[in-house]
Structure formats: C-alpha cells, structure tokens
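One structure is given here, and the rest of the page talks about it.
Just follow the structure's listing: the first ligand is 1, and inside any ligand the first atom is 1.
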Amino acid sequence: MTVRAFGPGRVNLVGEHTDYNGGLCLPFAIEQGVTVEGRRRADDTVLADALDLGERDEFTLGDVTPAAGWRAFVRGTVAELQRAGHGLTGCRLAISADLPRGAGLSSSAALETALALALLALAGEPDPDRRVLAGICSRVENDWVGAQTGLLDQMAALFGAAGHAIALDMRTLAADPVGLALGGWHLAVQDSGVAHAHAESGYNERRRECREACRLLGVASLRDADPGRVASLPEPLRRRARHVLDENQRVRDTLAALDRRDLPAVGRLLDACHVSLRDLFEVSVPEVEHTRDSMKAAGAAGARIMGGGFGGAVLGLFAPGAVPPPGALAVAPADGARLL
Ligand code: GLA
C-alpha cells in the first residue's frame, strides 16, 4: 500500500503573537509545501528518507528515541500519534519539499501535517479529526523539536482552503474560511535572510512576558484582559499586552475591510501591525526593517514582519500593477493538508 500526503506552508495575513494568547489570527495555506510518500512495510521498522538532504533515519515503532533536525519531526510524529492511541504500521517514508526552510513560511507545520496524514492513512485512517491532529502536531514541535510555538501554523496548514483565509479563534479553535477576493491585488513574501540566533529565546521570552502579564492581571489569557488595567502594567509588560489587544482588533478590522473589498485599508492595517510588532512587541531586527523598506519602496500598500520575529519573512500587499522586489515569492491561498 502506497499513500502520498501533502502539508502546505502558511502565510499569516494578520494576527501575530495572538495564538498563544487565546486570540485571533487570519492565516492561509499556500501552494508550496512538503510531500510525504509512504509505503507500508511488513515489519515494525520506520525508514525515512529526506530526499533533498540525502539523509536517512531508521527506528522501530516500539522504540522511538529523540533525535535532532528533521528526524525529530519524524520520530515525534510517530511517537505522538502512537501515544494518542493510533495503531501505526511499519513503513518507508520519502520526504520532499518545494518550500524554503527557515524562511518564515512554517516548513515545520508543513512537514508535521504531511507526516501525520501519511502515517494515519497507512494505518487505515484517511480522515482524522483535524483539530485533534493540530494539537498532536503542536506537541511534536514543543516536546520533540523543542520549539515552544503556538497552534497558528498547524491550524493554518490543516484548515487551509483555496481562495480563502482562515479566521482562527484560538480560544475556541473555531476555523472559519473567509473569501480572500483581492481583485487584482497580490501578496508576496520576502525572506530577510536572517534567522537570528536568539529567535527561539526571544520568542520564549515574549511568551513568558505574556504569561506574567496575565498573572498580574489575574486573567487566564490576554484575550480576557481589560484595556484599562493593561495600561497600569509595568513596562515592558504593558507594551506586550497592548500589542496583543490591538492585534486582535486588527484581525477584526481586517475581516471588515476584506468584507467591503477595501484593500487600501488592509494595507494600512498591515503597516500598523508592523509598527506594533516593532515598537510594542519588539520582535523586529535591522535586516527585517531593511527588507520591509524595500517592499515599501517597491510600492507595497502595506508590509509587515511575519511570524515569530527576530528575522524571518516580510509580507507585502501590492496594488494591481505594483511589482514586488526581486526575489520576493508570490503567495496565494491554497488548499490545506491533504492526501494526494
Ligand atoms: C511563530 C509560531 C506561531 C505564532 C507566531 C507568531 O510562527 O510558530 O505559533 O506564535 O510565531 O504569531
């Protein structure tokens, strides 16, 4: 038995650093991603080939030990699916990708979701519960890869739909497709070229600050924070919480602007998001500012740092006729993770 599964990368239109704060995000899945071809084996061995790296991994279903790099994703997905009660079969997996790694398009979630769908299909479960699967993939990332990320990337990869952004409410895990009719406008991302050494520690520090703000405010998540009381928090916690509250509102405002086909307003919201991530949440770096400046100079109606920050990608929105800078990748909403 052979299966092929695809997991897409994602772009987040707006709603940054809100996912682990029970907030709102508006991502979409993109065409580029990771494909996993799986063949069942008669024994309980898992053989995995990362085709573009020319590397291989091998382990047995009954003895999954930690590993580093791409192997952590394979082993983590196998282990977490088994832990969740799925009876997996031995298999041979071939992994290939047309998504740049480490460029802020969440190649991680693309890989996790493609692996999970392939492994489950081989085990006779072609249509798993996608909310549950998002949680499993997130545990792979947190506990096996060691990145304390939220659920945004996995939800975007699993709930993506062609032509649609996905309105995510991270408190309820509601995922509602929203038509992304750009009417000739287009979106592009450009890698800043830096993945800062402190990306992970910086991200984790922001998460700690948000938790500390919640503790001082006596709320379970910043979604429930009262704006008046946020103003009385000590710095930098006030700035961090302010960003999260404003960012949730920017997601609502973007949904309203898309509804009335007001793309210039969407551009202004992207710019406002960037300013907030730079000045209040403080996750920008000079290379990202430089990349954003070149997008604005090329005529972007709005441009912003995207993802966790401290490097990574910049997203730009361009009016018809405007040309993104050389090297930018055009992105459009595509279907989510699926069996091919
Ligand atoms: C990274 C994480 C996501 C999310 C964003 C910031 O991409 O993987 O969970 O927290 O940063 O919005």
- How about Thr89 and Arg41: does a side-chain donor come under 3.5 Å of a side-chain acceptor?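 Looking only at side-chain atoms, Arg41 and Thr89 do not form any donor-acceptor pair under 3.5 Å.
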
- Distance-only donor-acceptor check, side chains His86 and Glu125, under 3.5 Å: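 Side-chain D/A pair, His86 to Glu125: present.
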
- Task: With Asn248 as reference, evaluate Leu222, Leu24, Asp169 under the side chain to side chain contact (heavy atoms under 4.5 Å, CB included) test and give the passing residue.
- Result: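 One option only clears the test, and that one is Leu24.
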
- Decide whether an N or O pair under 3.5 Å exists between Arg10 and ligand 1.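 Yes, at least one N or O pair falls under 3.5 Å.
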
- Message: Would Tyr20 count as a polar contact of ligand 1, with the cut-off being nitrogen or oxygen pairs under 3.5 Å?
- Response: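 The answer is no, given that Tyr20 and ligand 1 share no N or O pair closer than 3.5 Å.
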
- Task: Check whether Val266 and Phe28 end up in the same hydrophobic cluster, where Ile, Leu, Val, Met, Phe, Trp and Tyr are linked by side-chain heavy atoms less than 4.5 Å apart.
- Result: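 Yes, it is one cluster - the side chains of Val266 and Phe28 are joined through contacts under 4.5 Å.
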
For [atom], what is the closest protein heavy atom, and at what distance to 0.1 Å?
| atom | answer |
| --- | --- |
| atom 1 (C) of ligand 1 | Gly308 N, 3.7 Å |
| atom 10 (O) of ligand 1 | Tyr203 OH, 2.6 Å |
| atom 3 (C) of ligand 1 | Asp19 OD2, 3.4 Å |
| atom 8 (O) of ligand 1 | Asp153 OD2, 2.6 Å |

- Query: Just which atoms of ligand 1 are under 4.0 Å from any heavy atom in Gly150?
  - Reply: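 Answer, ordered by atom number: 9 (O).
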
- Task: Just jot down the ligand 1 atoms closer than 4.0 angstrom to any heavy atom of Thr149, in number order.
- Result: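 Once the distances to Thr149 are compared, the set is 2 (C), 8 (O), 9 (O).
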
- Taking the six-membered ring for Trp and the single ring otherwise, decide whether the centroids of Tyr20 and Tyr203 are under 6.0 Å apart.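 Between Tyr20 and Tyr203, the centre distance is under 6.0 Å.
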
- With a cut-off of 6.0 Å (strictly less than), are more than 12 heavy atoms of other residues, nucleotides or ligands near CZ of Arg4?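 Check fails, neighbour count at 12 or below.
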
- Please confirm whether Arg206 comes under 4.0 Å of ligand 1, counting heavy atoms of the residue only.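 Outside the 4.0 Å threshold, so no.
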
- Message: Can you tell whether the side chains of Arg206 and Glu282 come within less than 4.0 Å, N to carboxylate O?
- Response: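 Looking at Arg206 and Glu282, the cut-off is not met.
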
